[in-house]
Amino acid sequence: MIVVLGGGLIGLGIAYELAKRGAEVRVLEAGEPGRAASWAAAGMLAPYTEGLAGTPFEAFCARSLALYPAYVEELREAGGVDARLKIDGIVRAAYTETEASALRAQVDAARQSGVEAAWLERREVVRAEPALGPNVLGGALFAGEGQVDNRRLGRALASACAARGVRIDAGGGHVALEADARRVRGVRSRDGFVPASVVVNATGAWAGELAGVPPEARLPVFPVKGQMLALAMSRALMRRVVWVPGAYLVPRDDGRLLVGATVEDAAFDVRVTAGGIRSLLDAALAAVPALRDLALVETWAGLRPASPDGLPYLGATSLEGYFVAAGHHRNGVLLAPATARALADALEGKVDDAARPLSPLRLGAPPSALAS
Ligand code: GLY
């Protein structure tokens, strides 16, 4: 039996993939499946607008982006829910010469990786996105990027997991890992002991808090708060995802325009604050004055799970049977498909070059473990 801790996009994706490969899988979710960061996200599939070209996990990000169309289609066939993938390009708009030259460099870096990217002069960027304000200078267009409706993706995964026989136990609160000196034995939940030869920690921002993990297998994960809001568009004001200085704008098919997101060190506080919402509205309205008259229909906040070196943890730890898939920070939605495959491969003893930089063993043993 494999126990996956966490029923977000990462945990459910892994559970689905493992069940597909024939494993008996049980997901333990402390709260509600598909919620927390998976629900709070904007669903952007944006490795290049996020500036990840040239980083150690660019190849892994690019792979996950390429997997998306088949992934969403497979989940729709398996569970009947369409996560509404759109690969129609993302624009990053510049309002100053400094921003323009930084974006031109981003376009060049992406092109060097063989990615379709273009610099759009003012006239072209306004033709692409007419709502951009009178002061826009130009923008970078990354044609292969896009968005998925992450809330629908959570439902699509839960439904596909159920169709594959994955048992999802939700609302059980936090659990503790049980291990002897050599290996994992299972987890202790408030309902009792659940035996497992393999436990996968996919608990997002809470991944570093799991009780019962021996010090040498413990990984630092910290929450990075993001506040967001949604405006109701009367017509399709924005055609595709657009980044402006200080905010990104994500138009959804249901008429909402998501505006995100703050980046805050606020521990596990998920309150929506006046200052957070003001900073997003200031940025959005400065760039797109036409948003001024739209109704503000939703606000929310979530916690990105970050690691000290900015890379996710993916694979085996120093404790036999204990695997981690966490620390995806700003890229959890993007990385869900590749993470599921790579984690399932790791359980079969396979790690390829794109996933190698993400090994949880890269940090070495923490000082407390070395001292003991
Ligand atoms: N990926 C966007 C964010 O984390 O705000």
Side-chain angles (χ1 to χ4, degrees), residues 8-10 13 34-53 55 57-58 60-62 64-65 68 83 85-87 89-93 106 110 140 142 144-154 204-207 221-231 238 240-252 256-266 268-270 272-273 275-277 279-284 287 298-307 309-312 326-339:
L9 300 182
I10 299 295
R35 298 288 294 198
S38 300
W39 185 88
M44 291 186 296
L45 306 176
Y48 299 100
T49 32
E50 285 274 9
L52 299 177
T55 68
F57 78 132
E58 178 186 351
F60 193 71
C61 293
S64 209
L65 181 60
Y68 246 99
L85 173 71
K86 282 205 227 166
I87 302 293
I90 295 187
V91 169
R92 197 156 182 158
Q106 237 172 292
F142 298 87
E145 296 190 333
Q147 61 159 302
V148 67
D149 185 328
N150 43 295
R151 296 181 184 177
R152 291 182 68 93
L153 183 59
W206 292 265
V221 175
F222 52 92
V224 177
K225 179 177 176 179
Q227 301 188 48
M228 295 200 42
L229 61 92
L231 303 171
M238 314 290 315
R240 55 172 78 72
V241 177
V242 177
W243 292 59
V244 296
Y248 49 75
L249 312 168
V250 181
R252 287 282 204 247
R256 287 178 311 144
L257 179 69
L258 314 188
V259 182
T262 62
V263 178
E264 299 169 69
D265 178 6
F268 288 91
D269 169 17
V270 285
V272 172
T273 64
I277 295 305
S279 71
L280 296 174
L281 286 174
D282 281 350
E298 194 186 346
T299 60
W300 66 97
L303 301 173
R304 305 173 183 91
S307 66
D309 64 2
L311 299 180
H328 292 73
H329 196 204
R330 298 181 64 92
N331 302 292
V333 181
L334 168 68
L335 295 177
T339 295

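Whatever order the structure lists them in is the order used to number ligands and atoms, beginning at 1. The structure presented is a predicted model; accordingly, all values stated were derived computationally and were not measured.
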Backbone or side-chain N or O of Arg304 under 3.5 Å from ligand 1 N or O = yes

Establish, from distance only, whether the side-chain atoms of Ser307 and His329 form a donor-acceptor pair under 3.5 Å.
-> no

Examine the side chains of Arg240 and Gln147 and answer whether a donor and an acceptor come within less than 3.5 Å of each other.
-> no

Mark up the atoms of ligand 1 that fall under 4.0 Å of a heavy atom belonging to Met44, in ascending order.
-> 2 (C)

At what distance is the nearest protein heavy atom to atom 1 (N) of ligand 1, and which residue and atom is it?
-> Arg330 O, 2.8 Å

Please answer whether the main-chain N or O of Arg152 pairs with a side-chain N or O of Asp149 as donor and acceptor at a distance below 3.5 Å.
-> yes

Atoms of ligand 1 close to Ala261 [distance to a heavy atom under 4.0 angstrom, numbered from 1] = 5 (O)

Under 3.5 Å: donor-acceptor pair, side chain of Gln227, backbone of Thr273 | yes

State whether Glu298 and Arg252 are salt-bridged, where the test is any N-O pair (Lys NZ or Arg NE/NH1/NH2 against Asp/Glu carboxylate O) under 4.0 Å.
-> no

Within-cut-off N or O pair, Asn331 and ligand 1, under 3.5 Å | no

Report yes or no: does a heavy atom of Glu50 sit under 4.0 Å from some atom of ligand 1?
-> yes

Residue, atom name and distance, where the atom is the protein heavy atom closest to atom 3 (C) of ligand 1 | Tyr248 OH, 3.2 Å

Salt-bridged, Asp269 to Lys225, with N to O below 4.0 Å?
-> yes

